[in-house]
**Student:** 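Take a look at this one; I'll ask things after.
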Amino acid sequence: YETPVYRIGIDEREDYWRSTGYLRSIKAARKKCAALQVSVNGPGDAEWVIRSAGQKWSDGHVPADDASVDDKVDLADRLERSGRFFTLVLRDGDRRLAGTTNIVDGDVGVAGTLYRDDSVGSLPTGVRIIDEVLAYCAREGIAEFDFGGGYCYKARWGRPEGSRYELIMAPQLRYRARRSITELARRGRKEP
């Protein structure tokens, strides 16, 4: 499978968004979220982002891969202590609304886990936290940001800069069985 990946130079971001028309949406998010606060590397923030995203995106019929979430939390802690990782969280007082974890690779910021609490409704906290991540990168002298690929929203934030490839190698029977279980779980979610 081929998936496009997206990247933006920090100094060129607003010019790019202006050229695509997305800057209006970003400015609107800034206004709508102006009363909210941003914390950087707050105590427990990375773990909150990673566990919340893991819970939100886990399949209701198949337990989330807790080991994977635990591994991500452990890695975040280790990288943060080395100065190669940062977490930003958008807050309304003590309540966390959205957050993102990020890795620093030289002078490039790399997106990690993004989480947005859907209970805030149409308040554009996802747009606002991504905008703030890029502003943080500018303040820290990070030259570029790599959004990765796999989700359509990333195309609004950066230019396509290559592709990511995934190759699945599995015995045919195991592959078919896994697809069947996944399909049954999807059907089960669609029923009332």
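Any value given below was found using the heavy atoms of this structure, including those in side chains, with hydrogens, waters and symmetry copies removed.
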**Student:** On the 0 to 90° scale, with breaks at 30° and 60°, tag the Trp17-Trp157 ring pair as parallel, tilted or perpendicular.
**Tutor:** perpendicular
**Student:** To the nearest 0.5 Å, how far apart are NZ in Lys56 and CG in Asp117?
**Tutor:** 7.5 Å
**Student:** Indicate yes or no: does Asp118 engage Arg116 in a salt bridge with an N to O separation below 4.0 Å.
**Tutor:** yes
**Student:** Following the transitive rule for hydrophobic clusters with a side-chain heavy-atom cut-off under 4.5 Å over Ile, Leu, Val, Met, Phe, Trp and Tyr, establish whether Leu134 and Tyr16 coincide in one cluster.
**Tutor:** yes
**Student:** Do the side chains of Ile50 and Ile129 join up, straight or via other hydrophobic residues, at under 4.5 Å, putting them in one cluster?
**Tutor:**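 Unlinked, Ile50 and Ile129 end up in two clusters.
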**Student:** Quick one: does Asn41's side chain get under 4.5 Å of Thr87's, heavy atoms only?
**Tutor:**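 Touching, per the 4.5 Å side-chain cut-off.
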**Student:** Judged by atom type as modelled, is there a donor-acceptor pair below 3.5 Å linking the side chain of Lys32 to the main-chain atoms of Leu123?
**Tutor:** no
**Student:** Without swapping roles, check the side chain of Ser52 against the backbone of Val49 for a donor-acceptor pair under 3.5 Å.
**Tutor:**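 No, Ser52 side chain to Val49 backbone: no donor-acceptor pair under 3.5 Å.
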**Student:** Any side-chain heavy-atom pair from Ile130 and Phe145 closer than 4.5 angstrom?
**Tutor:**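 The answer is no; the side chains never approach within 4.5 Å.
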**Student:** Does Arg78, at its CZ atom, have more than 12 non-hydrogen atoms belonging to other residues, nucleotides or ligands within less than 6.0 Å?
**Tutor:**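 Result for CZ/Arg78: open.
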**Student:** When you check the gap from the basic side-chain N to the acidic O, do Glu132 and Arg139 get nearer than 4.0 Å?
**Tutor:**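 Salt bridge flag = yes for Arg139 with Glu132.
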**Student:** Counting only heavy atoms not in Arg18, do more than 12 sit closer than 6.0 Å to its CZ atom?
**Tutor:**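 Yes, enclosed.
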**Student:** One pair to check against side chain to side chain contact (heavy atoms under 4.5 Å, CB included): Asp77 and Phe85. What are the steps and the verdict?
**Tutor:** CA-CA 8 Å; Asp77 184 53; Phe85 188 90; over 6 Å; no
**Student:** Please name the pair of heavy atoms, one in Gly54 and one in Val69, separated by the smallest distance, quoted to 0.1 Å.
**Tutor:** CA-CG2, 4.3 Å
**Student:** Distance from Thr113 atom OG1 to Trp48 atom CH2, nearest 0.5 Å?
**Tutor:**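 CH2 of Trp48 is found 11.5 Å from OG1 of Thr113.
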**Student:** Kindly write out the residues that satisfy ring-ring contact (aromatic ring centres under 6.0 Å, His included) with Tyr153, not counting sequence neighbours, or none if the list is empty.
**Tutor:**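 With neighbours one apart ignored, the set is empty.
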**Student:** Under a 4.5 Å cut-off applied to non-hydrogen side-chain atoms, are Arg159 and Glu12 in contact?
**Tutor:**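 Counting from C-beta outward, Arg159 and Glu12 do come under 4.5 Å.
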**Student:** Between Asp70 and Arg51 (salt bridge meaning N to carboxylate O under 4.0 Å), is one present in this structure?
**Tutor:** yes
**Student:** Test of understanding: clusters of I, L, V, M, F, W, Y form through side-chain heavy atoms closer than 4.5 Å, transitively. Do Val38 and Ile10 belong to the same one?
**Tutor:** yes
**Student:** At what distance, to the nearest 0.5 angstrom, does CD of Glu2 lie from CZ of Arg164?
**Tutor:**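 Here the rounded value is 11.0 Å.
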**Student:** Side-chain contact test, heavy atoms from C-beta onward, threshold under 4.5 Å: evaluate it for Thr101 versus Tyr115 and give yes or no.
**Tutor:** no
**Student:** When hydrophobic residues are tied together by side-chain contacts of less than 4.5 Å, even through go-betweens, does Leu23 share a cluster with Tyr6?
**Tutor:**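 They do share one cluster, since a chain of ILVMFWY contacts under 4.5 Å joins Leu23 to Tyr6.
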**Student:** With rounding to the nearest 0.5 angstrom, report the CG to CD1 distance, Leu75 to Ile103.
**Tutor:** 6.0 Å
**Student:** Taking the side chain as everything from C-beta on, heavy atoms only, tell me whether Tyr136 gets closer than 4.5 Å to Thr100.
**Tutor:**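 No, every pair of side-chain atoms sits at 4.5 Å or beyond.
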**Student:** Looking at every heavy atom in both Gly149 and Thr3, which two are closest together, and how far apart are they?
**Tutor:** C-CG2, 3.9 Å
**Student:** Quick one: pull up CG in Asp92 and CD in Gln37 and give me the separation to the nearest 0.5 Å.
**Tutor:** 6.5 Å
**Student:** Decide yes or no for Arg128 and Leu36: does some side-chain heavy atom of the first lie under 4.5 Å from some side-chain heavy atom of the second?
**Tutor:**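 Sidechains of Leu36 and Arg128: no contact.
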**Student:** Look at the side chain of Lys154 and the backbone N and O of Phe147, then say whether any donor-acceptor pair between them is shorter than 3.5 Å.
**Tutor:** yes
**Student:** According to side-chain hydrogen bond (donor to acceptor under 3.5 Å, both in side chains), who are the partners of Arg96, at least two apart in sequence or on a separate chain?
**Tutor:**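 For Arg96 the side-chain hydrogen bond (donor to acceptor under 3.5 Å, both in side chains) partners, ignoring immediate neighbours, are Asp45.
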**Student:** What distance do Leu79 atom CG and Lys72 atom NZ have between them, rounded to the nearest 0.5 Å?
**Tutor:**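 Taking CG in Leu79 and NZ in Lys72, the distance rounds to 13.5 Å.
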**Student:** Would Val120 end up clustered with Leu90 when hydrophobic side chains under 4.5 Å apart are linked, directly or stepwise?
**Tutor:** yes
**Student:** With a 4.5 Å heavy-atom cut-off, do Arg13 and Cys137 have their side chains touching?
**Tutor:** no
**Student:** Taking all atoms of both residues into account, what is the closest heavy-atom pair of Ala46 and Ala76, and its distance?
**Tutor:**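 Residues Ala46 and Ala76, closest heavy atoms: CB-CB, 4.2 Å.
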**Student:** Does any part of the side chain of Val104, heavy atoms only, come nearer than 4.5 Å to the side chain of Glu140, both counted from C-beta?
**Tutor:** no
**Student:** Between Ile8 and Gly158, what is the shortest heavy-atom contact and its length?
**Tutor:** CB-CA, 4.1 Å
